[in-house]
Structure formats: structure tokens, C-alpha cells
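The structure appears below as C-alpha cells.
Chain identifiers are assigned alphabetically (A, B, ...) following the order of the sequence lines, protein sequences preceding nucleic acid strands; residue numbering begins at 1 within each chain. Quick note: numbers below take in every heavy atom, side chains included, and nothing from hydrogens, waters or symmetry partners.
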Amino acid sequence: MRLFNTLSGQVEDLVPSDGKALRMYACGPTVYDYGHIGNFRTFLQVDVLRRTLRLLGTDVRHVMNITDVDDKIIRNATAAKLSITDYTRKYQEAFFQDLDALQVQRPEIVARATENIPAMVALIQRLTEQDIAYRAEDGSWYFRIARFPEYGKLSRKDFGGITDGARIDVDEYEKDSARDFALWKAPKPGEHQWQTALGPGRPGWHIECSAMAMEFLGESFDLHAGGEDLMFPHHENEIAQSESATHRTFARHWFHVRFLLVEGRKMSKSEGNFYTLRDLLLRGYKASAIRMLLISVPYRQQLNFTFEGLAAETIAVERLRTFRDRVRNTPWPGRPAPSPDSSEISALARDTRARFAAALADDLNTAEARAAIFEMVRAVNACADAGAFFAGDQQAVLETLREFDQVFAVLDDHDDQWTRFTLQWAESEGRLKDAAPEVLARLELSDEQIQALVDERTQAKRTRNFARADQIRNDLAAKGILLEDSKDGVRWKRK
RNA sequence: GCACCGGUGGCGAAGUGGCUAACGCGCUGGUCUGCAAAACCAGUAUUCGCCGGUUCAAUCCCGGCCCGGUGCUCCA
């Protein structure tokens with residue numbers, strides 16, 4: 001496949017350098033709070049990348065880190081009078097639950113910073129041996145940027161002349177140069193710390209990714225991913241410390257996911273447009289619709305996340321699910337096509353499959369990929385309505401949908417399950433008041449209770465008691481339960 | 001202030017130097033239906049932020065401007 005590489009600024013081929021599996025590292029969350037939709041856009045786009053690679057027949061070895069020690073975690077844990085481990089546990093669990101809700105595949109390896117301190121210390125030692133790292137008066141260790149001439153190559157910044165200003169040095173008496181960054185931080189009194197050959201303390205932010213990426217993927221690997229905000233300084237610093245230590249290319253390909261807007265504005269708490277996944281689920285939006293919206297705009301585009309868009313994607317997903325049900329369940333005539341290769345639908349399904357894969361292989365053009373699927377949906381419906389759906393077509397269309405869902409993962413309906421889960425969580429956190437009334441109404445009746453009412457309505461209709469039938473239908477509609485009458489019976493679904 | 005990215009119909013958004021400017025939602029009309037809903041079908045941008053330029057031809061290339069975003073800087 002072809003993928004834009006931040007390092008070169010160009011779309012390039014992406015292939016496993018060892019000819020077997022694509023080795024990729026993706027920056028994971030800092031687990032000090034619940035994840036927001038901006039975080040999840042990045043994780044979802046990385047998921048689209050790994051699913052696309054697998055669809056195209058490339059195995060992946062995907063490592064994701066969990067940053068479970070940093071300034072914010074220490075601050076919050078201290079405030080909560082908890083150890084950092086106890087403090088982060090809850091947010092780690094929540095994070096993986098959220099990934100499950102969004103159908104994000106687990107990476108092959110999840111690496112926690114606190115479980116890989118020795119690898120980080122060893123990496124820093126390699127830098128100290130070359131005099132690239134130095135110890136400050138307080139016992140912290142810093143990376144000497146002046147020793148890495150290529151610094152800035154990822155974010156295309158020129159730091160010549162900035163690194164050693166006399167005026168800057170006045171303020172930064174602990175560091176040799178203002179831009180030098182911490183590899184290892186000396187502990188403040190009472191802080192969680194590790195006793196190491198570097199002295200007591202904890203790792204700087206950047207070193208964990210360098211150390212763990214190399215630990216699990218080797219000194220040089222295929223691809224490194226993250227949100228666009230990480231390009232500088234985080235990824236730049238990773239390159240500096242890794243390549244200084246090994247004298248080898250750290251990651252060959254860099255993948256950065258653009259930030260999103262919410263209702264046309266930058267998402268921020270002060271704007272009042274800051275949403276966690278759980279906020280949206282409590283408001284009644286479906287996990288599948290959130291996934292669909294967050295992946296449908298290609299990763300290099302700024303996505304404008306709106307509630308109108310979310311409602312639109314809810315309907316779009318529903319339409320695809322309905323379509324698959326129709327293809328699966330309608331008793332087709334089953335007559336053979338006029339000639340073996342003449343079935344328009346089978347040919348269309350094959351073409352669509354090719355177009356879908358080609359769009360994704362072209363720098364993950366998810367918009368073009370889904371357009372191909374929707375065009376097939378319309379064409380197949382038209383053929384089916386016209387009676388031109390032949391034996392063999394069903395399998396061909398279902399196969400195309402299967403490949404679509406290998407990447408998009410929205411057709412199987414797990415939505416109520418995750419909404420229920422979120423309601424339970426909200427109850428335990430005292431946040432049930434944030435749940436939209438419609439959500440509570442929608443899940444109030446069990447499937448069995450709904451089915452009983454549906455059956456009663458069918459009986460009422462049979463005796464032409466339309467008043468009673470309509471009353472049941474209206475009562476259910478008020479609870480967000482929609483009924484669909486068809487020749488084969490009544491289907492219902494939660495809105 | 002500097003750098004980079006983007007500005008396409010009511011909304012989201014793909015795309016291309018010249019062929020009818022994808023797709024989803026919405027809207028309008030239709031099929032179906034006891035009536036609805038749902039489902040399905042059809043229609044829905046003479047036009048691609050603004051102003052110039054290059055070209056036989058620009059939404060697509062170049063320059064300027066306006067707007068949005070990100071990073072840097074500043075500040076904390």
C-alpha cells in the first residue's frame with residue numbers, strides 16, 4: 001500500500017522491511033483521565049491502518065505503549081492519595097473498554113512505561129557513554145541536542161542558532177541549552193521513584209517510547225504512528241535519542257493523524273465542546289456511529305465532528321445493516337444467471353471489492369472506499385427490485401460486505417451492549433444524571449417484553465383492531481423502539 | 001510574528017488541467033402499506049473562499065488576500 005510519510009513529506013510504499021510482518025509502534029494514551037473523541041480518532045485511524053494492512057495480506061506486529069507515569073499522573077495520584085498504580089488502573093481499564101466499544105483491534109503488544117524502566121535506563125546509559133546525555137545538578141539527565149545535527153528533520157524545523165542563546169541560558173541554569181530535554185527526572189520529595197544506575201527518579205516522557213519500541217520491534221522498524229501534536233517535540237526527541245544511541249534509522253515511516261474540530265471549533269474544555277466517548281454514549285449516540293464518523297474522513301484531513309454528522313452516520317450504518325440483512329435473508333428466486341459470467345451483480349461485487357481495497361491502499365482513502373460500498377448498495381437494491389438477482393450473487397455481495405467490515409467494523413450490532421455498559425458505569429460513578437432520558441427509555445424494556453408487545457400488535461392487526469395496534473406502535477415509538485412491517489413479519493430495532 | 005495543512009451543494013466530504021464534480025445525511029417526488037413508519041427508487045452544486053496570473057482550457061498549477069486548524073515563539 002501507499003502511505004504518506006511525514007519524514008519525507010511524500011506518499012510512499014509501505015512494506016515490511018523483513019518481508020514478514022510490518023513492525024509498527026503507535027503512541028498510546030497517558031492514563032490520567034477518560035479518553036476523548038480526539039484521542040479516539042487517532043486510535044481508530046491506526047486501527048484502520050492495521051486492518052487495511054491485514055486485508056491486503058500483510059501481517060502486522062503492532063506495539064502500543066501506555067504512559068502510566070508522568071507529571072499529571074503524579075499530581076492527580078497525589079491529590080487522590082493513591083499510588084500511581086492504583087490511580088492509573090481505573091483509566092487503563094476504561095481505555096481498553098472504550099477501544100472495545102469502538103471495535104478497535106488490540107495491538108499485538110501493549111507496553112507499559114512502568115514495566116520497562118530497565119530498558120529505558122539502558123538506553124540512557126548508551127547515550128551517557130557517548131557523552132550525549134548529561135547529568136544536571138539536581139540529578140536529572142538531559143539529552144544534548146547540539147550533538148544531533150539532524151534535530152528537526154521530522155517536523156522540518158531549523159534550530160540552528162536557537163539552541164545556544166545567552167539569554168536563554170540565564171533562565172535555564174539546570175540545562176546546557178534551553179532545548180535539551182529530560183531523559184530522566186530526579187524525584188521531588190515523596191514522589192514515586194525508581195532506584196537505578198542513573199540515580200533515583202523516573203523516566204522522561206520521550207524515552208519510554210524509544211526504549212519500548214526498540215525493545216519489542218528492534219532498533220530499526222517500519223512505522224511509527226501518533227496524533228499530529230506528537231510530531232514535535234515528542235517524535236522529534238524520540239528520533240534524536242534513538243538514532244544517537246544506535247546510529248541507525250529509528251522508524252522509516254511516520255504516520256500522523258490530524259486533529260479534529262468539534263462543531264467547527266477546536267475541541268477544548270473552555271469552549272464547552274470537549275467530549276469523552278462515554279459522554280457521547282450517555283447522550284444516546286451509538287458506538288458504531290461514532291466509529292463510522294471518526295474513520296470516514298481520511299486521516300490527513302481535519303474532520304469536523306458534529307452531532308448532525310453523528311446522527312447522519314447512525315442512519316448510514318443502519319442502512320448498511322439493513323442491506324446486509326436483506327441480502328442474507330430475502331428468499332431469492334435462486335435461478336441461475338443467464339450465463340455463468342453474465343450476472344451484473346456478481347461482477348459489480350467483484351469490482352467494488354477491488355475499488356474498496358484500492359482506495360484504502362491509496363493512503364487510506366476511507367471516504368472513497370465507503371463510497372464504493374454505497375454505490376454497490378444502491379445498484380444491488382435496484383437489481384434486486386427488478387428481479388435481476390441470481391444464484392451466486394448473494395455470496396458475492398456478502399463477501400464484499402465482509403471485506404468492507406474487516407476494516408470498517410460497523411455491521412455487527414454491539415451498540416446496545418456498550419450503551420448498557422456505559423449506563424452501569426455512570427451509575428457507579430454517580431453520573432447517571434448525565435444520561436439522556438431517551439437512552440434510559442430505549443433500554444427500559446427487555447427484548448422479550450418488546451417482542452411480546454410486537455406479537456400482541458400483530459394479533460390486533462389480524463383482527464383488524466387497528467386502534468390497539470397503533471397504540472402499541474406509538475407507545476413503543478415513544479420509547480425509541482421502531483417497528484418495521486414486512487412480508488416476512490415484524491422487525492423492531494432500538495433507535 | 002514564523003512554518004505547515006485546509007477552505008467543494010443545507011451539513012459532512014471525495015476528486016480531477018478539458019469527459020454528467022463521487023459518496024453519506026438532509027430535502028422533494030414516487031413505490032410499498034389498513035394508515036404510518038421503515039425499506040427501496042428517482043431528483044436535488046452551470047459550480048469548487050476572494051482577486052489576479054499561466055494555459056487553447058483551472059475547482060485542480062502560480063502569486064496575493066481573507067477565514068479555519070496545528071506546531072513554534074510568547075506566556076504560564
Side-chain angles (χ1 to χ4, degrees), chain A residues 4 6 9 38 152 154-159 162 165 168 171 178-179 227-236 256-268 289 292-323 325-327 329-330 352 355-356 359 362-386 408 410 457 460-474 476-477 481-488 490-493 495:
Chain A
F4 184 82
T6 308
L154 179 69
S155 49
R156 291 192 178 66
K157 295 181 194 305
D158 180 7
F159 293 104
I162 299 176
I168 293 170
D171 297 333
R179 295 224 167 251
E228 65 169 329
D229 58 320
L230 299 181
M231 202 164 87
F232 186 91
H234 184 52
H235 290 162
E236 200 73 70
H256 290 104
V257 179
R258 179 68 52 88
F259 269 16
L260 50 70
L261 302 180
V262 177
E263 301 290 346
R265 324 215 68 189
K266 167 161 70 168
M267 180 172 77
S268 73
M292 191 70 162
L293 179 57
L294 290 175
I295 69 178
S296 287
V297 176
Y299 74 97
R300 284 207 284 151
Q301 292 300 321
Q302 194 171 53
L303 153 71
N304 186 10
F305 187 100
T306 65
F307 288 103
E308 191 185 347
L310 208 40
E313 293 308 317
T314 307
I315 290 165
V317 168
E318 195 56 49
R319 181 168 161 221
L320 293 174
R321 289 175 175 172
T322 302
F323 174 74
D325 286 346
R326 180 183 191 193
V327 174
N329 300 329
T330 301
T352 300
R355 192 178 147 200
F356 176 75
D362 178 16
D363 200 25
L364 296 182
N365 191 340
T366 48
E368 165 69 18
R370 60 172 263 173
I373 298 300
F374 278 104
E375 282 179 32
M376 179 187 78
V377 169
R378 179 160 33 77
V380 169
N381 276 321
C383 275
D385 287 351
F408 276 71
V410 293
R457 171 171 170 272
K461 278 176 67 179
R462 208 159 278 159
T463 56
R464 301 194 67 78
N465 182 358
F466 294 122
R468 175 59 184 155
D470 290 351
Q471 184 199 355
I472 292 172
R473 187 172 69 195
N474 292 338
L476 286 172
I481 315 296
L482 299 178
L483 303 191
E484 290 174 26
D485 292 344
S486 77
K487 297 176 198 72
D488 312 313
V490 183
R491 282 194 304 272
W492 62 267
K493 63 190 175 197
K495 191 178 172 186

Mind checking the P distance from B/G17 to B/C4? Whole angstroms is fine. 23 Å

Here the helical stems involving RNA chain B, each at least 3 consecutive Watson-Crick or G-U pairs closer than 3.5 Å, sorted by first residue number, are B:1-7 with B:66-72, B:10-12 with B:23-25, B:26-31 with B:39-44, B:49-53 with B:61-65

Picking from B/C35, B/C40, B/A22, the nucleotide nearest the side-chain atoms of A/Asp470 would be B/C35

Here's a test of your reading of the structure: between A/Arg370 and A/Pro233, which maps to the more 5' nucleotide of RNA chain B? A/Arg370

To the nearest Å, give me how far apart CZ (A/Phe4) and C1' (B/C4) are. 10 Å

Say we look at B/G9 and B/A14: how far apart would their P atoms be, to the nearest angstrom? 12 Å

Does the side chain of A/Asn304 reach to within under 4.5 Å of the side chain of A/Val297, using non-hydrogen atoms? no

Can you find a side chain N or O atom of A/Arg179 that sits less than 4.0 Å from OP1 or OP2 on B/U73? yes

Closest of B/A37, B/C35, B/G71 to the A/Phe232 side chain is B/G71

Starting from P on B/G7, measure out to CZ on A/Arg265 and report it in whole angstrom. 20 Å

A side-chain contact here means heavy atoms from C-beta on lying under 4.5 Å apart; do A/Arg491 and A/Asn329 qualify? no

Identify whether any heavy atom of A/Phe374 sits under 4.0 Å from a base atom; if not, whether one sits that close to sugar-phosphate; answer base, sugar-phosphate or nothing. sugar-phosphate

For atom P, what is the distance between B/C40 and B/A45, given to the nearest Å? 22 Å

Taking only the C1' atom of each, what is the distance from B/G18 to B/C60 in whole angstrom? 11 Å

Integer-rounded Å distance: B/C5 P and A/Glu228 CD: 12 Å

Any donor-acceptor pair under 3.5 Å from A/Glu228 side chain to A/Phe259 backbone: yes

Nearest whole angstrom, please: distance from the P of B/A39 to the CG of A/Leu483. 13 Å

When you compare B/U8 with B/U70, how far apart are their C1' atoms, in angstrom units rounded to a whole number? 22 Å

Would you say A/Lys266 places a side-chain N or O within less than 4.0 Å of OP1 or OP2 belonging to B/G68? no

Name every donor-acceptor pair, under 3.5 Å, that has one atom in a side chain of residues 306-313 of chain A and the other anywhere in the protein, sequence neighbours excluded.
from: A/Thr306; atom 1: OG1; to: A/Gly309; atom 2: N; distance (Å): 2.8
from: A/Glu313; atom 1: OE1; to: A/Arg370; atom 2: NH1; distance (Å): 2.8

In the structure I gave you, are the side-chain heavy atoms of A/Glu375 and A/Thr352 within less than 4.5 Å of one another anywhere? no

A/Arg319 has a side chain; which of B/C41, B/A22, B/U70 sits nearest to it? B/C41

Heavy-atom side-chain proximity of A/Asp485 to A/Arg457 below 4.5 angstrom: yes

I want to check something: taking the side chain as every heavy atom from C-beta on, are A/Tyr299 and A/Asp363 in contact at a cut-off of under 4.5 Å? yes

Want to settle it: does A/Ala467 or A/Thr322 sit nearer the 5' end of RNA chain B, counting the closest nucleotide to each? A/Ala467

Mind checking whether A/Lys493 and A/Arg321 have side chains closer than 4.5 Å, heavy atoms only? no

Examine distances only and state if a side-chain atom of A/Asn365 and a backbone atom of A/Ala359 form a donor-acceptor pair shorter than 3.5 Å. no

Let me know the distance between CG of A/Leu261 and C1' of B/C5, rounded to the nearest Å. 12 Å

Which of B/G10, B/A42, B/A39 is nearest the side chain of A/Arg378? It is B/A42

For nucleotides B/A58 and B/C48, find the distance between their C1' atoms and express it as a whole number of Å. 11 Å

Show each protein N/O and nucleotides 13-15 of chain B N/O combination with a separation under 3.5 Å, one pair to a line.
from: B/A13; atom 1: OP1; to: A/Gln302; atom 2: O; distance (Å): 3.3
from: B/A13; atom 1: OP1; to: A/Asn304; atom 2: N; distance (Å): 3.4
from: B/A14; atom 1: O3'; to: A/Asn365; atom 2: ND2; distance (Å): 3.2
from: B/G15; atom 1: OP1; to: A/Asn365; atom 2: ND2; distance (Å): 3.1

Would you state whether a donor and an acceptor, one from the side chain of A/Arg473 and one from the base of B/C35, lie under 3.5 Å apart? yes

Are B/G69 and A/Phe259 stacked, with the base six-membered ring and the side-chain ring centres under 5.5 Å apart and planes under 30°? no

Verify, without hydrogens or angle tests, whether A/Gln302 (side chain) and A/Arg258 (backbone) share a donor-acceptor contact under 3.5 angstrom. no

With a 4.5 Å limit on heavy-atom distance, are the side chains of A/Leu364 and A/Phe4 in contact? no

Determine the contact category for A/Ala371: base if any of its heavy atoms lies under 4.0 Å from a base atom, sugar-phosphate if only primed atoms, P, OP1 or OP2 are that close, otherwise nothing. base

Taking the minimum atom-to-atom distance to the side chain of A/Glu308, which one of B/A36, B/C25, B/C11 wins? B/C11

Answer whether the closest heavy-atom distance between the side chains of A/Phe323 and A/Val380 falls below 4.5 Å. yes

Spacing of the P atoms in B/A3 and B/G64 (rounded, Å): 10 Å

Rounded to whole Å, the CG-C1' distance (A/Asn381 to B/A39) equals 9 Å

B/G15 to B/C50 separation - C1' atoms, rounded to the nearest Å: 22 Å

Decide yes or no, distance alone: a donor-acceptor N/O pair under 3.5 angstrom between the base of B/A38 and the side-chain of A/Arg491. no

So what does A/Ile315 touch, heavy atoms closer than 4.0 Å: a base, only the sugar-phosphate, or nothing? sugar-phosphate

Separation of B/G26 atom C1' from A/Glu313 atom CD, nearest Å, is 13 Å

Rounded to whole Å, please give me the gap between CG in A/Leu310 and P in B/G24. 18 Å

